[in-house]
Amino acid sequence: MNSLQYQRHGDKVNSPWFEEFLPKLLEDRDRIGLTDMVHEIDAMMITVEPGCSVAYISELALMTPYHYLVTLESESHWTHILRIDMNSPDIMVREVRNPNTHGIFRSLNEVYPIGAHKPNSRYMGEIFRVTNQHEVVELQKAREIRFFNQDQIRKLELPGNMSIVKPSPYTHNIVGYWERPVEDIRIYALGVSVIHEDVNRGYLEAKETQAKLGLDKLILPIDHLATRIYSQNREVAILEYLTLSSYYYWGSYDIASQNSSTNVTKSAHYSNEQKSPAKVFTAANHPYFVNHLVGLPSPTENFVRNYGPRLHHIALGVADGETNGQINIDYVVDAIRERGKDFLLDVIGSREEGLKQIFSSASEHSSLIIEYVQRFGDFDGFFTKQNVAELTEAAGVEENLRLLQAESSS
């Protein structure tokens, strides 16, 4: 593998330090074989508030291509496995059985004003498929990456067949590795496998609605995962993720009107994001305490100060084409709106610009936003700067309202 072969995109100027260590880290990763051994994102882990998993799985069943597969029951958690197929990552929805349960992942929420109101709701991180788990872990430990030990994994009730890196100081996300031959099905070593009737009932009702509307043929697997981080952590968060994964640096764009930048990394193994989603990092251009001097909005930094560094949204593709005389993404959004799901703005972009996008409102159950993106024809870009600016602004408005609600109920 040559992780430096890819064309650089964007107009964001990086520091000399970043430009020095980017090639050094990727060349070293290639040389020792980590790039070859770490493959696609096989699963993503999300935690929700006690009692919310039924509603959240129903929400995902309507708004995404995911299917409820099984629930793994352990002593203090239910872990619900959602799957499209073996060509796209699974989603693991975790719910604590006792609302008084405290742990490291809850503590990452509790020091932030909005995050503390839903202390169990957060995206945890990604699990990568690897071809030699022991060797990958030993190589990463030699690079000073810290892992949970097996006793800690057991106490946290995470799958015992995974090696999991401790939460990043920059993103608060975890990264895990497990060894799975590509021809084998995913099996998680955690608890007793059962089908929860209430989860299954809500899932089936949502899927029936989705099929009746024809959304099952239009909504595609995950396109990208977008994490928001503090301004000073932009470059280190990108390089840390490239150290932990087999992704490469696609590039960064400056979204000056929203005082932020969008930074994209992609899989070196798979050009199709539906196989292994792109990982996006968004950070403010300036820290919050100079906002009064630069005179610009700061929705990205405000989000991080309110929720903590974390995943902001999961973006799903929409099939190119039209349905009932509407562009597919417009049809999808109208149909879901009619079922009671709010969106932050109208669909933005156009066929002429190459793509259209929209953000949903944040889920009441996971605090995550769903983005839909439809790319037209042979459009080969990832986004347009104007679209990103409008989406960022709309999300900032909603987050300000949530902060006011949190403060009024404190």
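The figures that follow rest on heavy atoms only: side chains count, while hydrogens, waters and symmetry mates do not. Quick caveat: nothing in here was measured; it's all calculated off a predicted structure.
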Going by the rule side chain to side chain contact (heavy atoms under 4.5 Å, CB included), which residues pair with S367 if we only count those two or more places apart in sequence or in a different chain?
K118, S121, Y307, R310

Give me the atom names and distance for the closest heavy-atom approach of [X] to [Y].
{"X": "V194", "Y": "V70", "value": "O-CG2, 3.3 Å"}
{"X": "P159", "Y": "L190", "value": "CA-CB, 4.1 Å"}
{"X": "P277", "Y": "Y247", "value": "O-OH, 2.6 Å"}

Please check if any side-chain donor atom of [X] sits under 3.5 Å from a side-chain acceptor atom of [Y], or the reverse.
{"X": "E179", "Y": "H134", "answer": "no"}
{"X": "Q274", "Y": "N87", "answer": "no"}
{"X": "N328", "Y": "Q374", "answer": "no"}
{"X": "S252", "Y": "N263", "answer": "yes"}
{"X": "S15", "Y": "E235", "answer": "yes"}
{"X": "N14", "Y": "E19", "answer": "yes"}
{"X": "E40", "Y": "S267", "answer": "no"}
{"X": "H196", "Y": "E73", "answer": "yes"}
{"X": "Y248", "Y": "Q5", "answer": "no"}
{"X": "Y270", "Y": "S276", "answer": "no"}
{"X": "Y203", "Y": "H67", "answer": "yes"}
{"X": "Q152", "Y": "K155", "answer": "no"}

Which residue pairs pass the ring pair (Phe, Tyr, Trp, His ring centres under 6.0 Å) test when at least one of the two sits in residues 33-53, sequence neighbours left out?
H39-H269

Between [Y] and [X], does any NZ, NE, NH1 or NH2 come within less than 4.0 Å of an OD or OE carboxylate oxygen?
{"X": "R375", "Y": "D320", "answer": "no"}
{"X": "R201", "Y": "D198", "answer": "no"}
{"X": "D216", "Y": "K207", "answer": "no"}
{"X": "R305", "Y": "E301", "answer": "no"}

Taking the six-membered ring of Y66, is the NZ or CZ of R83 close enough (under 6.0 Å from the centre) and on axis enough (within 45°)?
no

Distance check, rounded to the nearest 0.5 Å: E390 atom CD versus I348 atom CD1?
4.5 Å

Could you name each residue pair satisfying salt bridge (Lys or Arg N to Asp or Glu O under 4.0 Å) that touches residues 91-106, not counting sequence neighbours?
R106-E110

Ring centroids only, cut at 6.0 angstrom: are F343 and F359 within range, meaning strictly under it?
no

For the residue pair Y241 and F281, categorise the inter-ring angle as parallel (less than 30°), tilted (30 to 60°) or perpendicular (more than 60°).
perpendicular

For D30 and S3, indicate whether the former's side chain and the latter's backbone hold a donor-acceptor pair under 3.5 Å.
yes

Between D254 and S261 (side chain of the first, backbone of the second, donor and acceptor by atom type, cut-off under 3.5 Å), is there such a pair?
no

